[in-house]
Amino acid sequence: MLRTKITAVVAAAAALAISLAAFLSYRGVSDLVADELERGLDDRANTVVTLLAAGLTPPTRPDMVEQVVSAQGTVRPLAPGRDALPVSSGALRVARTGKGESRADIVVSGTEYGTLTRPLPGGGAVMVGQSYEGAARVDHRSLWRISWATAAAIGFAALLGWLVLGRILRPVRRLAGATRRITTTQDLTTPLPPAGSDEIGQLTHSFAHMLAALRRSRAQQQQLVQDASHELRTPLTSVRGSAELLQRARGRLAPEDEEQILTTLVTETAALDDLVRELVELATDRHTEEEPGAVDLAVAAEDSAQRFRLRTGRVVLVIEDDTNPPVPVHARPRALQRCIDNLLSNAVKFSPEGTPVAVHISGGRLTVRDQGPGIAPGERHAVFDRFYRGPRTQATPGSGLGLAIVHDIIAADAGTVFATTADGGGAEVGFDLPPHGWAGPNGPKARRRSWRTREPARRDGRGQPTKNLSPRPQPD
């Protein structure tokens with residue numbers, strides 16, 4: 001359980017910190033007691049020396065033992081009934097020389113003493129011993145008190161951490177419960193707990209945005225399935241009706257009627273194939289695994305135009321804006337090529353036979369102009385919807401998915417699409433893409449020069465040079 005683990009970590013950290021503080025406090029108390037003992041011993045020794053020099057006997061203290069040590073090492077206790085303290089070599093040296101002092105710790109009858117020996121003015125030395133029993137009791141008492149205080153502080157820290165973490169993790173548990181319900185029920189409308197302004201609130205907001213995106217994606221998928229079933233029903237009905245008619249007639253149809261039914265079957269089957277292919281393209285976006293990079297619009301447009309010239313025999317012009325030359329755009333190459341192909345396919349489909357289709361490139365904008373019926377102002381956004389067929393194009397074959405695919409691909413590359421009616425008739429449909437940060441010897445000018453070197457002249461579907469093209473500079 002997360003709460004238990006975090007509480008254990010917090011308690012361990014608190015225990016370490018409190019134990020360290022307790023140890024330092026105990027050491028501080030011990031050092032303070034030791035200093036007080038040293039000062040007390042010094043003061044008592046000075047007092048005894050002064051009184052003895054004045055011919056007086058110092059008053060007795062229960063924790064102190066005083067004695068006079070002669071130069072020969074004999075000992076005379078100053079308080080009757082007290083055990084004599086053993087004389088160390090250092091104390092004997094002070095008594096003989098009358099110089100310096102000597103400190104030592106000794107044990108007498110199981111009691112530890114701290115001793116200090118100082119010389120007397122008339123010869124010999126005075127030796128003062130102080131019992132450590134009182135200091136030991138203080139040290140022991142302080143150790144127990146610090147230990148109990150440390151244990152209580154650690155327990156309090158653990159309890160406080162448990163309570164505080166419970167309050168902190170409560171929104172996390174609620175969020176986890178909501179996500180479990182969503183995972184179990186697949187209900188994306190399950191409400192999330194209220195979000196605050198802290199990190200947990202930000203996490204909840206992120207989950208809410210993710211759920212909203214999933215709801216939109218599911219709604220789009222459901223709408224796509226509904227629209228696809230509707231669009232597939234029409235050609236399937238036609239194919240089924242034609243097939244049933246052939247089955248019932250069994251060779252009794254006139255040749256021209258049979259040819260018409262077979263033509264209908266081929267046409268509707270081809271329409272079904274195109275529709276299924278575009279549905280798969282739209283639903284899976286097979287180009288999402290492409291890495292975006294710098295794409296030269298002029299190169300991509302010329303590649304698509306050349307394919308359509310060979311495929312349809314139509315005149316497809318690629319025109320660059322001299323005042324705003326094409327720049328490399330940030331896009332996925334194969335996906336962008338599909339967009340241009342869809343725009344050209346749409347333009348060729350709606351342009352009368354024998355009329356040209358023009359591709360204009362200006363900076364990061366590509367526009368395809370046809371000679372068709374144009375686009376009404378109220379349809380300029382709707383033409384990018386899935387399966388949309390305007391009133392003017394109902395009789396023209398098509399799935400209504402080409403421009404929707406263009407919209408999805410361009411939007412995924414942070415671009416925008418547009419559609420309008422051109423001056424003089426026809427439609428202008430295209431997109432804008434952000435420029436790619438390209439510089440150096442492999443920049444746009446170098447790439448355009450290399451492309452022009454490979455294809456020095458552009459030709460229409462009849463193999464003739466195209467007219468009204470912006471002149472291309474020759475390689476340097």
Side-chain angles (χ1 to χ4, degrees), residues 1-3 6 166-233 274-293 329-339 342 379-389 399-419 431-434:
M1 187 175 178
L2 181 61
R3 182 181 181 184
I6 297 179
R167 184 177 182 84
I168 293 175
L169 295 178
R170 189 177 300 122
V172 178
R173 290 197 299 271
R174 292 174 180 172
L175 182 60
T179 56
R180 281 195 298 269
R181 286 193 297 273
I182 293 172
T183 303
T184 303
T185 64
Q186 299 294 311
D187 182 9
L188 299 181
T189 61
T190 301
L192 295 179
S197 58
D198 55 2
E199 288 78 4
I200 304 301
Q202 295 174 7
L203 179 63
T204 304
H205 281 299
S206 299
F207 270 98
H209 292 318
M210 181 185 67
L211 280 180
L214 289 175
R215 284 194 293 268
R216 288 193 299 270
S217 176
R218 176 177 288 184
Q220 292 173 355
Q221 290 176 358
Q222 293 174 347
Q223 186 65 39
L224 177 62
V225 171
Q226 294 172 2
D227 293 341
S229 64
H230 174 75
E231 293 296 325
L232 288 170
R233 190 174 294 115
D274 291 339
L275 181 58
V276 170
R277 176 175 51 81
E278 291 188 335
L279 279 173
V280 172
E281 185 81 24
L282 188 64
T284 60
D285 190 4
R286 293 176 296 176
H287 303 293
T288 53
E289 296 182 357
E290 272 193 285
E291 288 294 331
V329 294
H330 189 74
R332 294 167 291 164
R334 288 187 291 119
L336 183 63
Q337 200 75 61
R338 175 64 192 275
C339 289
N342 283 8
E379 301 176 356
R380 292 176 182 176
H381 296 289
V383 293
F384 293 101
D385 294 340
R386 298 170 181 176
F387 303 107
Y388 179 80
R389 303 293 298 278
S399 64
L401 290 176
L403 294 185
I405 294 174
V406 172
H407 172 272
D408 289 355
I409 292 177
I410 296 300
D413 288 334
T416 57
V417 294
F418 59 87
F431 55 81
D432 283 292
L433 281 171

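Bear in mind the structure is a predicted one, so any value in this text is a computation, not a measurement. We're numbering straight along the sequence, starting at 1.
- For T183, there are no side chain to side chain donor-acceptor pair (under 3.5 Å) partners, not counting sequence neighbours.
- Partners of H330 by side chain to side chain donor-acceptor pair (under 3.5 Å), not counting sequence neighbours, listed by chain and number: H436.
- Taking CG from L175 and OG1 from T204, the interatomic distance works out to 4.5 Å, rounded to the nearest 0.5 Å.
- Proximity of C339 to I410: side-chain heavy atoms (C-beta onward) are separated by under 4.5 Å at one or more points.
- When the side chain to side chain contact (heavy atoms under 4.5 Å, CB included) test is applied to T185, the partners found at least two apart in sequence or on another chain are D187, T190.
- Listed by chain and residue number, R170, P193 satisfy the side chain to side chain contact (heavy atoms under 4.5 Å, CB included) test with R174 (two or more places apart in sequence, or in another chain).
- Under the side chain to side chain contact (heavy atoms under 4.5 Å, CB included) criterion, L188 pairs with I182, L211, L214, R215, R218, not counting sequence neighbours.
- The nearest pair of heavy atoms linking P434 to A414 is CD-O, 3.6 Å.
- Looking at heavy atoms from C-beta onward, V329 lies in side-chain contact with L336 at the 4.5 angstrom threshold.
- Among all heavy-atom pairs drawn from I409 and R332, the shortest one is O-NH2, 3.4 Å.
- Considering only heavy atoms from C-beta on, V406 stays 4.5 Å or farther from R338 through its side chain.
- Side-chain atoms of T179 and F207, non-hydrogen and from C-beta on, do get closer than 4.5 Å to each other.
- Shown here are the side chain to side chain contact (heavy atoms under 4.5 Å, CB included) partners of A419, two or more places apart in sequence or in another chain: I375, V383, F384, V429.
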